[in-house]
Amino acid sequence: SQQGEEDPQALSIQEGENATMNCSYKTSINNLQWYRQNSGRGLVHLILIRSNEREKHSGRLRVTLDTSKKSSSLLITASRAADTASYFCATRDYGQNFVFGPGTRLSVLP
Amino acid sequence: GAVVSQHPSRVICKSGTSVKIECRSLDFQATTMFWYRQFPKQSLMLMATSNEGSKATYEQGVEKDKFLINHASLTLSTLTVTSAHPEDSSFYICSARDTNQETQYFGPGTRLLVL
């Protein structure tokens, strides 16, 4: 069953702009992870944030987690055309269940 | 990072035939592997969880007799789509959980087209 729900479903921005994607979930989680998928390809793990963490950075990526609101956001700064992909959040609960959200399709226009 | 491979990357078969997809963890041991199915422009849906040396656990609605999973070693899991039909055409992705149980590494996927 779906746990993480992303919004927006699709996002189109200009190169250089920032892209923000949000993920909401329903149950208690152990951690939340963000993945990227280029069209027709496998998933690439981007970042993991644990339930006791509020913010994490990795290069141009910034992830926040608000467990009180059961939501997370992924910010990509200074976007590039190569960032065009689908981005998925996935939550892991304490039972080790791992569930993906529907994803956000990001298009970065040159 | 850890690498997971899948073979084949693409397969086209006739309706009624069986197709085997392999998933290998190349540089780590994976006691647990997962099989997902992804339809175009949709998210990944977990089909089954495969534990080395034991029977796979299937998600609700996934036919275990149609999607046979074998996890014979700590580095190999196979998914066999038996008597494939056009509606089985999809992108099948496996993943393997590393030893710290936190991160799952995903294979590149196998695109199955059943004619």
Side-chain angles (χ1 to χ4, degrees), chain A residues 1-12 21 23-25 29-53 56 58-59 63 65 84-107, chain B residues 1-11 21 23-26 28 30-51 57-62 89-113:
Chain A
S1 60
Q2 289 281 51
Q3 158 95 304
E5 298 285 336
E6 279 116 322
D7 80 87
Q9 292 186 357
L11 178 62
S12 186
M21 290 159 269
C23 169
S24 61
Y25 56 92
I29 62 170
N30 184 321
N31 64 63
L32 184 146
Q33 305 182 35
W34 284 91
Y35 288 83
R36 164 195 164 128
Q37 183 182 37
N38 286 69
S39 179
R41 306 291 295 274
L43 273 78
V44 174
H45 182 259
L46 295 177
I47 200 164
L48 178 153
I49 186 165
R50 296 182 178 84
S51 60
N52 61 352
E53 296 175 315
K56 221 166 178 181
S58 177
V63 168
L65 179 64
T84 295
S86 289
Y87 292 83
F88 295 92
C89 72
T91 55
R92 164 154 291 139
D93 62 23
Y94 290 96
Q96 302 290 353
N97 296 308
F98 195 73
V99 180
F100 281 87
T104 294
R105 291 192 307 279
L106 174 67
S107 297
Chain B
V3 177
V4 175
S5 71
Q6 276 185 245
H7 178 79
S9 59
R10 183 185 294 265
V11 58
I21 303 170
C23 176
R24 294 181 186 271
S25 57
L26 298 183
F28 67 101
T31 55
T32 305
M33 289 186 171
F34 305 86
W35 287 96
Y36 295 83
R37 181 166 54 183
Q38 184 182 33
F39 291 107
K41 297 187 178 180
Q42 294 189 25
S43 187
L44 282 72
M45 296 302 294
L46 180 65
M47 297 174 66
T49 301
S50 165
N51 293 297
T57 303
Y58 290 81
E59 294 299 300
Q60 192 173 6
V62 178
S89 298
S90 188
F91 194 50
Y92 292 87
I93 301 175
C94 75
S95 74
R97 184 183 286 164
D98 68 357
T99 53
N100 71 14
Q101 302 284 301
E102 285 190 327
T103 304
Q104 285 185 208
Y105 296 95
F106 287 80
T110 295
R111 188 162 300 283
L112 171 64
L113 176 60

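All of these numbers come straight from a predicted model, not from anything done at the bench. Throughout, protein chains are lettered first and strands after them, A, B, ... in sequence-line order, and every chain is numbered starting at 1.
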Engineer: Regarding A:Ser51 and A:Asn30, do their side chains bring together a donor and an acceptor under 3.5 Å, going by distance alone?
Structural biologist: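 The criterion, which ignores hydrogens and geometry beyond distance, is not satisfied for A:Asn30 and A:Ser51.
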
Engineer: Assert yes or no for the condition that the ring centre distance of A:Phe100 to B:Phe106 is strictly below 6.0 Å.
Structural biologist: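 Ring centres of B:Phe106 and A:Phe100 closer than 6.0 Å.
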
Engineer: Let me see the working for B:Cys94 and B:Arg24 under side chain to side chain contact (heavy atoms under 4.5 Å, CB included), right down to the final yes or no.
Structural biologist: CA-CA 9 Å; B:Cys94 75; B:Arg24 294 181 186 271; over 6 Å; no

Engineer: Is it the backbone or the side chain of A:Gln37 that comes under 4.5 Å from a heavy atom of chain B, or both, or neither?
Structural biologist: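 Side chain of A:Gln37 only, per the 4.5 Å heavy-atom cut-off to chain B.
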
Engineer: Give the member of A:Gly103, A:Gly42, A:Ala90 that has the highest number of heavy-atom pairs under 4.5 Å with chain B.
Structural biologist: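 Ranked by heavy-atom pairs under 4.5 Å with chain B, first place is A:Gly42.
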
Engineer: Do we get B:Arg37 above B:Tyr92's six-membered ring, with its NZ or CZ under 6.0 Å from the centre and within 45° of the axis?
Structural biologist: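 So B:Arg37 doesn't make the cation-pi contact.
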
Engineer: Below 4.5 Å from any heavy atom of chain A, which atoms of B:Gln6 appear? Answer side chain, backbone, both or neither.
Structural biologist: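 For B:Gln6, neither part sits under 4.5 Å from chain A.
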
